[in-house]
**Student:** 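Structure provided below as structure tokens; questions to follow.
Here the structure is a predicted model, which is why all the values come from computation and not from measurement. Just so we're on the same page: letters track the sequence lines, and every chain starts at 1.
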2 protein chains.
Amino acid sequence: MLYRVVSTQFRTRNRFPPSLELHERRGCEAEAATLAQKIKLSTIAEALGVSTATVSLALRDSPLVADQTRERIKAHARDIGYIYNRRAASLRTSRSGIIGVVVHDIMNPFYAEILRSIEDELDRSGQTFLLSNHYDQVEKQRAFIDTLLQLGADGIIMSPAIGTPLADIELAEKNGLPTVLIARNVPGSDVPAFRGDDAYGTGLSTKHLIELGHRRIAMVGGTDQTSTGRDRYQGYVDAMKAAGLEVKPEWRIAGPRNKLAGFDATEKVLAIEPRPTAAVCWNDLVAIGLMNGLARAGLTVGTDLSVTGYDDLQEAAIATPALTTVWNGQREVGRRAAKTLLERLAGHDVHGGQELIRPELRVRQSTGAPPA
Amino acid sequence: MLYRVVSTQFRTRNRFPPSLELHERRGCEAEAATLAQKIKLSTIAEALGVSTATVSLALRDSPLVADQTRERIKAHARDIGYIYNRRAASLRTSRSGIIGVVVHDIMNPFYAEILRSIEDELDRSGQTFLLSNHYDQVEKQRAFIDTLLQLGADGIIMSPAIGTPLADIELAEKNGLPTVLIARNVPGSDVPAFRGDDAYGTGLSTKHLIELGHRRIAMVGGTDQTSTGRDRYQGYVDAMKAAGLEVKPEWRIAGPRNKLAGFDATEKVLAIEPRPTAAVCWNDLVAIGLMNGLARAGLTVGTDLSVTGYDDLQEAAIATPALTTVWNGQREVGRRAAKTLLERLAGHDVHGGQELIRPELRVRQSTGAPPA
DNA sequence: CTAGGAATTTAAAACGTTTAATCCAGAGCG
DNA sequence: CGCTCTGGATTAAACGTTTTAAATTCCTAG
């Protein structure tokens, strides 16, 4: 009984012994040059006249081995440049220390903050994180899940691709790969999911524009195929209706969610008759693209036409004019997702279902009163 | 002899059997729900009355097993939802199918193209790629190398952190982790390295400005601590000297390499007496930040002050005014690096040392004749 | 028929860990 | 002196593959 407690304690404390402490390792020119043969636990065991079991326990700081023995072993391991073989270990323990993270596109700055905070959280716990894009291709996402299963990953954090079938998530869960969703949800799934409250967010910016006096407000970028897309549009529509304003279908300009898309949408916005006096953009990238396009067309953003973004990326503040946008709580989303997954791994019960992070409006210079 | 040939052939062809073909798998509600116990090779072997050896070979499409047997085995594996255990396999084969990629910052758009092309190349070869940031912290980079060694990764592509000691690269190489460098070089290392020809690149933009008539040209952003930094500065200096122009030390405004840094550099540039008429920026991010800053200050970029970038990011073309910049060949760098690593893994000899990709100038509206 | 391959299949030994179950030597105690 | 207890160390059985070498079956030619 005592044994078990002690055992689990050190197991969770320090899962993987660091194999390499280069600066401290004594340089052994000759042997390092060729690396005659792989150094393993038994190499150390033989050299020191103990068993591999002892070496294994010592390297993981088990209290089961005498202090003096432990130090002797660790010192020797360091000296000869032992490298811990995680594959072998994880084959035995069925814990790999790998956590998969898959999002639409790693390089999309929207995910930057999320990934960053996930990384922080996982680093702290000693897990390695394995990153991938799915580019909204369900097959690519499934291939990644498959890879994780094969590698025996401990869990997965995913921003599901458009059209992800419930079965894919169940596949992961059923095969012992605890899952947490971020940024998007999969209808019908009951795994924990963290996302910003998108409807509330676009509601904020739309209301802000209405208060400034705008009546004809376009909505640029995005798709109705994701929960995020539907919610953002809904928030806009609801705010308009709440103010007793009509929503014209031609004000909705759907499309991709990058700068180029915003830039390309410029013409379409300007073609609407009568011209809208403001545009709620899907995200900051679209907004910045649109602002660039409007500037090219000779219009002054914030005066001739007001623009709002979403996400509050770093560059929203330094765009010209500075972009009014909605802070999305990405950092919080990532942190909570990672923490929740770690909880699940630790065996604690967590409650599933969606949790919404409340966004905030950041008013800057890209919005102003409509032209008289 | 024949055996060996055949053996290696199918080994390289299809390293890992795909374990999951969800859409084709027959739904078995009851068993799927609980997943009584792990399905392994022996599960299949017993069910079909063959040996695990046969199953193993069949799943990897070995020509050693009869066509009919192979199909029977593969079908059954699919039906019961067998998942290939890579850890076990790689313990035996010492090939993990993992390739590590570490760069300064994944989310930096400069690396976007590189990573994308690496991903393309590796995907094609069936390798999984494990991504990480080092944020220019040597320790973080070393921790990543350590993790890769522990996981038994097959190779690593890295953009070395500032101050990477030669020993770290040797550590990887000596322990059987073939290394290829991108974007930066480590002095003294002889592993293959691919980067843009930075000196030539800034030479191009500097020469372009000189030809337009500029005489006082500042250089904004970047550091002298990387090979890239030194080369870019050198290219600028050489071009100036070649034109018989003086280079004032106060024209060099070193700093971080993001938009905010460019934005913040605005004041410093404008404070120089007499004011430069053009600025060669470290990269597009800095250039765009600077352009934003100049616009805020009421100056017209391309007329009052010309600006050049570096990298030719997507947004360079849609910035206002469109940014004159240098295309860096990132895609080529990534492709070549991945290809070279795969060559090394296949056992072919590749020649080490640095290879430079030649950049190209992209003239747009952010550069013009100096003000009279 | 039968020898001799060719075509299939298999037994069993790795691969390098972890850990439950023992073992052992002293220490403490009646 | 015999007994239990305990801190330390060890033994040996996994973990799920791959692959060598051998065994078996199947043909085909002589």
**Student:** Does Arg86(A) place a side-chain N or O at less than 4.0 Å from the phosphate oxygens OP1/OP2 of dG16(C)?
**Tutor:**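 For dG16(C), neither OP1 nor OP2 has a side-chain N or O of Arg86(A) closer than 4.0 Å.
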**Student:** Go through dT19(C), dT19(D), dT17(C) for me and flag the one nearest to the Ala89(A) side chain.
**Tutor:**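 Nearest to the side-chain atoms of Ala89(A), counting from C-beta on, is dT17(C).
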**Student:** Among dA9(D), dT19(D), dC15(D), which nucleotide sits nearest the side chain of Val65(A)?
**Tutor:**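 Of dA9(D), dT19(D), dC15(D), dA9(D) is nearest to the side chain of Val65(A).
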**Student:** What is the distance, to the nearest angstrom, from the CG atom on Leu48(B) to the P atom on dT10(C)?
**Tutor:**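 It works out to 11 Å between those atoms.
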**Student:** Side chains of Glu119(A) and Asn133(B): is there a donor and an acceptor less than 3.5 Å apart?
**Tutor:**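 Per modelled atom types, Glu119(A) and Asn133(B) side chains form a pair under 3.5 Å.
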**Student:** What integer distance in Å separates Arg70(A):CZ from dA9(D):C1'?
**Tutor:**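 It works out to 14 Å between those atoms.
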**Student:** Look at Tyr82(A) and dG16(C) and indicate whether a side-chain polar atom (N or O) is within less than 4.0 Å of OP1 or OP2.
**Tutor:**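 Checking dG16(C) against Tyr82(A), no side-chain N or O comes under 4.0 Å of OP1 or OP2.
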**Student:** Expressed as a whole number of angstroms, how long is the span from Leu91(B):CG to dG16(D):C1'?
**Tutor:**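 Whole-Å distance recorded here is 9 Å.
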**Student:** Using a 4.0 Å heavy-atom cut-off across all strands, classify Thr69(B) as base, sugar-phosphate, or nothing.
**Tutor:**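 Sugar-phosphate, no base atom in range.
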**Student:** Between Leu151(B) and Ser96(B), is any pair of side-chain heavy atoms under 4.5 Å apart?
**Tutor:**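 With C-beta onward as the side chain, the pair stays apart.
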**Student:** Looking for any heavy atom pair under 4.0 Å, which part of the strands does Ala53(A) touch: base, sugar-phosphate only, or nothing?
**Tutor:**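 Base: the residue Ala53(A), judged by heavy atoms under 4.0 Å, touches a nucleobase.
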**Student:** Would you classify Ser56(B) as touching base, sugar-phosphate or nothing, given that sugar-phosphate means primed atoms plus P, OP1 and OP2, and contacts are heavy atoms under 4.0 Å?
**Tutor:**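 Here Ser56(B) touches the bases of the nucleic acid.
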**Student:** Can you tell me the distance, in whole Å, between the CG atom of Leu59(B) and the C1' atom of dT9(C)?
**Tutor:**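 From Leu59(B) CG to dT9(C) C1': 15 Å.
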**Student:** For Thr54(B) and Asn85(A), find the nucleotide of DNA chain C closest to each by heavy atoms; which residue's nucleotide sits nearer the 5' end?
**Tutor:**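 Residue closer to the 5' terminus by nearest nucleotide: Thr54(B).
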**Student:** The side chain of Ser51(B) is closest to which nucleotide in this list: dA11(C), dT19(D), dT17(C)?
**Tutor:**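 The answer is dA11(C).
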**Student:** Within less than 4.0 Å of OP1 or OP2 of dG16(D), is there a side-chain N or O belonging to Arg87(A)?
**Tutor:**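 No, no such contact exists.
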**Student:** Nearest whole Å is fine: how far is dT9(C) C1' from Arg72(B) CZ?
**Tutor:**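 The distance from CZ of Arg72(B) to C1' of dT9(C) comes to 12 Å, rounded to the nearest Å.
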**Student:** If we ignore angles and hydrogens, is there a donor and acceptor under 3.5 Å between the side chains of Ser117(A) and Arg335(A)?
**Tutor:**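 Their side chains do not contain a donor-acceptor pair, so the 3.5 Å distance test is not met.
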**Student:** Taking atom C1' of dT17(D) as reference, at what distance in whole Å does atom CD1 of Ile39(B) sit?
**Tutor:**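 My rounded result for the distance is 16 Å.
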**Student:** Decide yes or no on side chain to side chain contact (heavy atoms under 4.5 Å, CB included) for Met158(B) and Val180(B), but give the supporting numbers first.
**Tutor:** CA-CA 6 Å; Met158(B) 61 192 268; Val180(B) 172; over 6 Å; no
**Student:** Output the rounded distance in Å from CG (Leu41(A)) to C1' (dT10(D)).
**Tutor:**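 Those two atoms, CG and C1', are 14 Å apart.
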**Student:** Hey, mind stepping through Leu342(A) and Ile99(A) against side chain to side chain contact (heavy atoms under 4.5 Å, CB included) and telling me if it holds?
**Tutor:** CA-CA 10 Å; Leu342(A) 292 174; Ile99(A) 288 190; 4.3 Å; yes
**Student:** Considering every strand and a 4.0 Å limit on heavy-atom distances, what is the contact class for Ser94(B): base, sugar-phosphate, or nothing?
**Tutor:**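 Nothing, no nucleic acid heavy atom in range.
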**Student:** Using whole Å, what does the distance between atom C1' of nucleotide dC15(D) and atom CD1 of Ile83(B) come to?
**Tutor:**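 After rounding, the reported distance stands at 16 Å.
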